There are 2 protein chains.
Amino acid sequence: MKLTSRGRYAVMALVDLARFDNVNPVSLRDISLRQGISLDYLEQIFSKLKKDQIVKSTRGTQGGYVLSKKPNEIKLTNIFQAVDEKVKTVQCKKDSKKGCNGKATKCITHNLWDELESHINSFFEKKSLEDLLKSNKENRL
Amino acid sequence: MKLTSRGRYAVMALVDLARFDNVNPVSLRDISLRQGISLDYLEQIFSKLKKDQIVKSTRGTQGGYVLSKKPNEIKLTNIFQAVDEKVKTVQCKKDSKKGCNGKATKCITHNLWDELESHINSFFEKKSLEDLLKSNKENRL
DNA sequence: TACATACCTGACTAAAATGGTCAAGTATAG
DNA sequence: CTATACTTGACCATTTTAGTCAGGTATGTA
Ligand code: FES
Ligand code: FES
């Protein structure tokens with residue numbers, strides 16, 4: 001079970017963005033430099049974040065990205081969903097009634113993995129960007 | 001974030017084993033047939049489980065595997081550790097003081113991922129094989 | 001208007017991880 | 001002696017990941 005870089009970077013970049021997003025949009029180049037993330041990769045990530053309306057963009061000189069919601073309205077769930085960082089613990093298809101082994105009933109451990117998935121998701125639903133900003137400030141004292 | 005088949009199979013196989021392990025050892029062939037897992041793959045998995053002393057083996061005809069501890073002493077943590085299904089949320093090396101970006105300090109989201117890792121692991125530490133057997137019985141009523 | 005900045009898009013790819021298979025054993029009950 | 005079942009290690013196809021690269025397009029500023 002590991003977190004992918006895409007998901008990690010998405011959150012990292014958004015925290016960075018939120019910290020510097022006062023009036024002016026923040027350019028990806030700045031985020032790239034501050035966080036040490038490839039610019040090209042960031043562009044891929046932000047196009048996804050934009051499609052899910054987590055950020056807004058303005059083009060041209062002095063352009064960049066801005067959050068399109070308040071930090072407390074952006075949960076980790078939303079971010080991960082936008083960049084396709086999905087939690088997947090079961091093997092079988094969710095909607096189907098068949099088990100992962102192809103049999104007619106769900107397998108012997110299916111419920112366990114379902115429980116695990118909920119357990120993990122609950123973490124993502126609790127945490128908002130605002131929480132991250134706060135705890136980040138505390139660490140700097 | 002997804003669970004690998006190796007981890008999923010390991011747990012599945014052990015639950016199966018625990019259910020049929022009364023007096024006689026259970027052969028991998030039986031588990032393979034009942035759970036629809038490739039026999040060759042199961043062998044790989046069980047060699048790891050054996051190395052961590054979660055199961056014991058007897059060779060020859062009528063041979064097979066037996067749990068080497070009581071079901072309530074075997075936590076998911078132990079199983080996952082045995083088969084290298086490790087939870088990894090941070091990018092940086094745990095022991096090093098450097099951040100994932102190569103900088104001298106831990107990155108802006110490091111603590112978050114650490115928290116996530118603990119959150120997930122706490123689930124694995126709570127669940128024992130016995131719990132799984134119980135909830136499996138309940139489902140059969 | 002020219003130009004630099006910065007978003008935008010899609011194709012491409014090297015490397016790693018995953019989920020196995022295959023082959024050739026060895027030990028033991030019956 | 002022979003069938004069963006554990007043991008070991010090499011091998012491999014596919015998928016995923018983590019990017020790079022090459023071209024755009026929009027826009028503020030000089
Ligand atoms: S994981 Fe859903 S049936 Fe096995
Ligand atoms: S994840 Fe540990 S420093 Fe970034």
Side-chain angles (χ1 to χ4, degrees), chain A residues 1-10 12-13 17 20-21 23-51 54-66 68 80 83-89 91 100-102, chain B residues 1-10 12-13 17 20-21 23-51 54-66 68 80 83-89 91 100-102:
Chain A
M1 297 221 77
K2 64 183 133 188
L3 191 67
T4 67
S5 291
R6 201 171 60 248
R8 203 181 302 105
Y9 287 166
M12 224 189 269
L17 176 58
F20 289 87
D21 168 19
V23 181
N24 301 323
V26 181
S27 76
L28 291 190
R29 211 177 74 89
D30 287 355
I31 298 180
S32 164
L33 289 173
R34 278 194 296 257
Q35 304 302 330
I37 305 171
S38 145
L39 177 58
D40 284 311
Y41 203 22
L42 271 182
E43 278 171 348
Q44 277 184 42
I45 293 172
F46 272 75
S47 91
K48 286 168 192 270
L49 291 174
K50 191 188 173 187
K51 197 169 12 169
I54 290 173
V55 295
K56 285 182 295 192
S57 66
T58 43
R59 303 177 87 154
T61 323
Q62 305 298 326
Y65 288 93
V66 183
S68 53
F80 280 171
V83 300
D84 287 312
E85 173 79 44
K86 45 200 158 200
V87 176
K88 191 185 176 194
T89 56
Q91 176 123 51
C100 54
N101 39 23
Chain B
M1 301 219 73
K2 65 184 134 188
L3 191 66
T4 67
S5 290
R6 202 171 61 248
R8 204 182 300 108
Y9 288 165
M12 223 189 270
L17 177 58
F20 289 87
D21 168 20
V23 183
N24 302 321
V26 179
S27 76
L28 292 190
R29 211 176 75 87
D30 287 354
I31 298 180
S32 164
L33 289 174
R34 277 195 295 258
Q35 304 303 330
I37 304 171
S38 143
L39 177 58
D40 285 311
Y41 202 23
L42 271 181
E43 278 169 349
Q44 277 184 42
I45 292 172
F46 272 76
S47 92
K48 286 168 190 271
L49 291 174
K50 190 188 173 186
K51 199 171 11 174
I54 291 172
V55 295
K56 284 181 297 191
S57 66
T58 42
R59 302 176 88 156
T61 323
Q62 305 297 326
Y65 287 94
V66 183
S68 54
F80 280 170
V83 300
D84 287 312
E85 172 80 44
K86 44 200 160 204
V87 177
K88 192 183 177 197
T89 56
Q91 176 123 52
C100 55
N101 40 24

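Source: prediction; values computed, not measured. Chain naming here is simple, since letters A, B, ... match the order of the sequence lines and numbering starts at 1 in each.
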Could you list all N or O pairs between the protein and nucleotides 10-13 of chain D that sit under 3.5 Å apart?
none

Polar-atom pairs under 3.5 Å, protein N or O versus N or O of nucleotides 23-25 of chain D: list them with distances, or write none.
{"from": "D:dT25", "atom 1": "O2", "to": "A:R59", "atom 2": "NH2", "distance (Å)": "3.0"}

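Within the nucleic acid shown, B:F46 has no heavy atom closer than 4.0 Å to any nucleic acid atom.
For residues 35-44 of chain B, the set of pairs meeting the salt bridge (charged side-chain N to carboxylate O under 4.0 Å, His left out) definition, not counting sequence neighbours, is empty.
A:R8 places a side-chain N or O within donor-acceptor distance of the main-chain N or O of A:L3, the cut-off being under 3.5 Å.
Rounded to an integer number of Å, the gap from NZ of B:K88 to P of D:dT17 is 14 Å. Rounded to a whole Å, the CZ atom of A:R6 is 15 Å from the P atom of D:dT20. Put simply, CD1 on A:I45 is 9 Å from P on D:dG19, counting in whole angstrom units. Computed from coordinates, the A:D40 CG to D:dA22 P distance equals 10 Å when rounded to whole Å.
Shown here are the salt bridge (charged side-chain N to carboxylate O under 4.0 Å, His left out) partners of B:R34, two or more places apart in sequence or in another chain: B:D16.
Residue A:L39 is the one, among B:Y9 and A:L39, whose nearest nucleotide of DNA chain C lies closer to the 5' end (criterion: closest heavy atom).
For DNA chain C, the outermost nucleotides in 5' to 3' order that have an atom under 4.0 Å from a heavy atom of chain B are C:dT18 to C:dA29.
Look at A:K48 and A:D84 and you find a salt bridge, because one of the NZ, NE, NH1 or NH2 atoms lies within 4.0 Å of a carboxylate O, short of that distance.
Note on ring orientation: taking the six-membered ring where Trp is involved, the planes of A:F46 and A:Y65 are tilted (angle from 30° to 60°).
Between B:K56 and the phosphate of D:dC6, there is no side-chain N or O to OP1/OP2 separation shorter than 4.0 Å. Close to D:dA18, at under 4.0 Å from its OP1 or OP2, lies a side-chain N or O of A:S5. For the OP1/OP2 pair of D:dT20 and a distance below 4.0 Å, the side-chain nitrogens and oxygens of A:S38 include at least one atom meeting the criterion.
For DNA chain C, none of the residues of residues 24-33 of chain B falls under the heavy-atom distance limit of 4.0 Å.
Closest approach of A:S32 to A:L39, counting heavy atoms only: OG-N, 3.8 Å. Scanning all heavy atoms of the two residues, the minimum distance from A:S68 to A:V55 falls at OG-N, 3.5 Å.
For the pair B:M1/A:K2, no side-chain contact is recorded, criterion being any heavy-atom separation below 4.5 Å from C-beta on.
The CD1 atom of A:I45 sits 8.0 Å away from atom OH of A:Y9, with the distance rounded to the nearest 0.5 Å. Atom CE of A:M12 and atom CD1 of A:I37 lie 5.0 Å apart (nearest 0.5 Å).
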